[in-house]
Amino acid sequence: MEDSYFQKVQGGLIVSCQALEDEPLHGGDTMAKMALAAEQGGAIGIRANSIHDIAAIKQATRLPIIGIIKRDYDDSRVYITPTLREVRELMEVGVDVIALDATRNRRPHSERLEELVAYMKTHGQKVMADISTLEEALYAESIGVDCISTTLSGYTPYSPQQKEPDYELLQEAVRRIRIPVIGEGRINTPEQAAFCLKLGAHAVVVGSAITRPKLITERFALAVREALKGETH
Ligand SMILES: CC(=O)N[C@H](C=O)[C@@H](O)[C@H](O)[C@H](O)COP(=O)(O)O
């Protein structure tokens, strides 16, 4: 029997509603309003960062939530749900799925991915592995995560650095992995989101193209600036 969370999100759009401290939309109930707007627009799930935003989003919508805590540590480059501390905080607030960095990068205080996954599975918590390569996806599956997301392709030095979503990784992961594979990362148009589903993604996560107005404005401003380059009047 397919798990109810994965049934709910199958073939749908999950909107990532995040704004870090240095982003204009950070704080207050802004991300809760973003999540409500996403729900009204047809999203079937939310991805959210921080206890504050997750608690506010839970008040605003009934959509299932993929929760993360982004936290920087001096001794590691891992910042998406890096340690047991963030896992425990997310389990305390309550989310349908906890997503964590499942790359090869070393975690803070030498904590280990395997231990975090085992802890969550022991407590009945669904786990999403944010990966950047097929090898990381296969390994995450082998240690018992519930789904894979291509979130970190392009954000590790050894994964393809490109503007487009990593369709190749998505296609390979769909072919080789038996658990749900979510397309996520630089999906910037409805057509790209639809293409990910055609490639076999269980669902897609779109964030910046919907919930980061500064980045959206930058794309339009660049296109406008470029439009008249080379034309003489
Ligand atoms: C690299 C990293 O930290 N990605 C984060 C993961 O939670 C988010 O900042 C992204 O917005 C999310 O993955 C959706 O991706 P995009 O914003 O490209 O649609």
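All residue numbers refer to positions in the sequence shown, counting from 1. Read the numbers this way: they start at 1 and go in the same order the structure lists the ligands and their atoms.
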Kindly compute the distance separating [atom1] ([X]) from [atom2] ([Y]), expressed to the nearest 0.5 Å.
X: L84; Y: E89; atom1: CG; atom2: CD; result: 10.0 Å
X: I148; Y: E184; atom1: CD1; atom2: CD; result: 12.0 Å
X: L20; Y: L25; atom1: CG; atom2: CG; result: 11.0 Å
X: R212; Y: C17; atom1: CZ; atom2: SG; result: 10.0 Å
X: I80; Y: E86; atom1: CD1; atom2: CD; result: 11.5 Å

Judged by non-hydrogen atoms, does G185 sit under 4.0 Å from ligand 1?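 True for this residue.
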Tell me, which protein residue and heavy-atom name are nearest [atom], and how many Å apart are they?
atom: atom 10 (C) of ligand 1; value: R212 NH1, 4.1 Å
atom: atom 17 (O) of ligand 1; value: S208 OG, 2.6 Å
atom: atom 19 (O) of ligand 1; value: G207 N, 2.8 Å
atom: atom 12 (C) of ligand 1; value: E184 OE2, 3.3 Å
atom: atom 4 (N) of ligand 1; value: T151 CG2, 4.0 Å
atom: atom 3 (O) of ligand 1; value: Y79 OH, 2.7 Å
atom: atom 6 (C) of ligand 1; value: R47 NH2, 3.4 Å
atom: atom 5 (C) of ligand 1; value: K70 NZ, 3.5 Å

Side-chain H-bond candidate by donor/acceptor type, R104 with Y139, under 3.5 Å: no
Salt bridge flag under 4.0 Å for residues [X] and [Y]:
X: D166; Y: R186; answer: no
X: E115; Y: R107; answer: no
X: K214; Y: E23; answer: no

Would you mind telling me if ligand 1 is within reach of the side chain of I68, the backbone, both or neither, using heavy atoms under 4.0 Å? side chain
Report, in ascending order of atom number, the atoms of ligand 1 lying under 4.0 Å from any heavy atom of [X].
X: V206; answer: 19 (O)
X: Y155; answer: 1 (C)
X: R186; answer: 16 (P), 18 (O)

